[in-house]
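First listed ligand is number 1; within each ligand, the first listed atom is number 1.
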Amino acid sequence: MSYFPEVPQIKYEGPSSKNPFAFKHYNPDELVDGKSMREHLRFAAPYWHVMRNVLGDPFGGGTALMPWDDASDSVDNALKRVDVFAEFLEKIDIDFYAFHDRDIAPELNNLAASNDALEKVVAKLKEMQAATGKQLLWGTACLFTHPRYAQGGGTSPNADVFAYAAAQVKAAMDATKELNGLGYTFWGGREGYATLWNTDMQRELDHLAKLLHMAVDYKAKIGFEGQFYIEPKPQEPTTHQYDSDAAACLNFLREYDLMDHFKLNIETNHATLAGHTMFHELTVAANANALGSVDANRGDELIGWDTDQFPTNVYTNVEVMLVILGMGGFTTGGLNFDAKRRRESHEPVDLFHAHIGGMDAFARGLKIAAAIKTDGRIEELVKARYASFDSGIGAKIESGEATLESLAEYALSAGEPALASGRQELVENIINEYL
Ligand code: XUL
Ligand code: CO
């Protein structure tokens, strides 16, 4: 039984292929910089978009055709989706996936029933993994869809809601461990506020930190060895989310003594919403040794929401892959396509066109980033820009030898500094040589 009968196994055919069901640039086994493209890119598919996104928007309901799905909340329906997902992963040749507890299994009338449903689907996912070799990149708990979370999960003003959220995190961690997940993500969907006039921000932040510390303790207790991630996002659905950007997350982790236990999962569209480039967010995370994984998508400059489009902008992908190569590649993380088709692209085959596009655009990003790195001119240029700190007065500043007095004396005798050009246009020209 095939759920995508019109789609063949997607294979690499090279840049001159006109076959819409073929990779033009992603050649999984091709070596780039000593590693295969498959190993570098570590693509993941998100269960929530591939299997559950009906493609609604604020002005209209879902359009997605899902002939395999009876739209019920039954466990049987949830189990059947696993078969569809497996066929999708196999045909598109993606090795990893990610899920929320409530994407894979239904939320039922009470927590015990929901936990039970989750366990049943996890058992089936485990079989699927064994049969296909697919791996769980990360799991997470959905603490933002159900009305009980309207005022937050870990930051809810209601202690019973906090307890419910904690119970869901526990079950989702158990599920992730059972599936040998490589990571577990905390995205604080509603961990923020609508207005500060009704909010005790300090208390909410303290509570959020408590929840994360409980998760750290539970992780040690059950022997879960995956990596914890926090995923920054500034707003939507809340007015302000506490994990607003990479810098805010790092500050929070340091303040609450959590730095050793978390890395960041950086999403391109969330960077856009925060008023940053993806390049900026990744650099901030990498500098703190805290870049763990990437939700690979893109936003829209003209629409102010999280449009979650597929990452087809090669220029951005070059920047992403330069940072990833710069830190020596992913360890537990990967490129998770947290992206959905446009509402107009409602046919099942569009799932394939969308992912092929993202994978090819990232393959190009990887190859170009590796070429720029090998070329070395940009790296040289950056190094040369700071050369005045390599010796003399600059070296004394960096080593901590210099004082305000010694520098004042130096500046008086050195006279007006002679600045070298920043050469931005030259750098941009070098990048374009490779694009
Ligand atoms: C929402 C978002 C989430 C997280 C996981 O904007 O990105 O799907 O990735 O909860
Ligand atoms: Co995301």
Side-chain angles (χ1 to χ4, degrees), residues 42-58 96-105 107 136-146 149 152-155 165 168-169 171-173 175-176 181-192 208 211-212 215 226-246 249 262-274 276 278 281-282 285 291-300 303-311 316 320 332-341 358:
R42 294 167 63 87
F43 291 126
Y47 209 91
W48 57 99
H49 282 313
V50 176
M51 295 316 302
R52 306 308 308 278
N53 199 321
V54 296
L55 306 181
D57 69 19
F96 300 94
Y97 71 105
F99 65 71
H100 301 81
D101 50 357
R102 301 307 183 232
D103 314 326
I104 55 172
E107 171 124 25
L136 177 60
L137 191 73
W138 49 262
T140 187
C142 175
L143 306 181
F144 44 87
T145 300
H146 192 280
Y149 296 123
T155 61
Q168 239 183 281
V169 168
M173 281 177 63
T176 303
L182 299 171
Y184 184 93
T185 294
F186 291 84
W187 171 59
R190 292 184 196 271
E191 313 299 18
L208 185 56
L211 181 65
L212 299 185
Q227 173 66 50
F228 273 164
Y229 306 112
I230 291 202
E231 182 177 323
K233 183 175 179 180
Q235 74 267 330
E236 198 219 60
T238 65
T239 307
H240 174 86
Q241 254 145 250
Y242 297 129
D243 298 334
S244 56
D245 64 4
C249 286
F262 285 82
K263 287 192 170 173
L264 302 184
N265 178 38
I266 304 287
E267 175 166 328
T268 320
N269 204 158
H270 296 177
T272 316
L273 292 174
H276 300 309
M278 181 61 166
E281 286 294 85
L282 292 170
L291 176 52
S293 202
V294 168
D295 269 11
N297 62 12
R298 96 188 131 90
D300 188 292
I303 303 175
W305 345 308
D306 200 8
T307 55
D308 280 351
Q309 287 158 259
F310 276 81
T316 306
V320 172
T332 53
L335 294 170
N336 173 45
F337 290 116
D338 194 353
K340 64 185 184 203
R341 296 163 285 160

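Close contacts of ligand 1 with D306, meaning ligand atoms under 4.0 Å from a residue heavy atom, involve 6 (O).
Within the 4.5 Å cutoff, the side chain of D245 has heavy atoms near those of the H276 side chain. Considering only heavy atoms from C-beta on, Q168 comes within 4.5 Å of D101 through its side chain. For the pair L212/F228, no side-chain contact is recorded, criterion being any heavy-atom separation below 4.5 Å from C-beta on.
At a heavy-atom cutoff of 4.0 Å, ligand 1 is contacted by the side chain of K233 but not by its backbone. With a 4.0 Å cut-off on non-hydrogen atoms, D295 touches ligand 1 through its side chain and not its backbone.
Distances from ligand 1 to the non-hydrogen atoms of T185 include no value under 4.0 Å. Using a 4.0 Å heavy-atom cutoff, H270 is listed among the residues neighbouring ligand 1.
Closest protein heavy atom to atom 9 (O) of ligand 1: E231 OE1, 2.7 Å.
Residue W187 holds the heavy atom nearest to atom 1 (C) of ligand 1 of all those in Y229, W187, W305. Between atom 10 (O) of ligand 1 and the options Q241, E267, H100, the minimum heavy-atom separation is to H100.
Taking the six-membered ring where the residue is Trp, F337 and F310 present tilted rings, their angle falling between 30° and 60°. The aromatic rings of Y149 and H146 stand perpendicular to each other, their planes meeting at an angle above 60°, with 30° marking the opposite boundary. Ring geometry for H100 against W138 counts as perpendicular: the plane angle is over 60°, on a 0 to 90° scale with 30° as the lower cut.
Closest N/O/S atom of E267 to the Co ion (ligand 2): OE1. Residue-level check: among N/O/S atoms of E231, OE2 sits closest to the Co ion (ligand 2). The name of the N, O or S atom in D338 nearest to the Co ion (ligand 2) is OD2. Its N, O or S atom nearest to the Co ion (ligand 2) is what matters here, and for D295 that atom is OD2.
Inspection of the Y229 and T332 side chains reveals an N or O donor paired with an N or O acceptor under 3.5 Å. Judged purely by distance below 3.5 Å, without hydrogens or angles, the side chains of W48 and D338 pair a donor atom with an acceptor atom.
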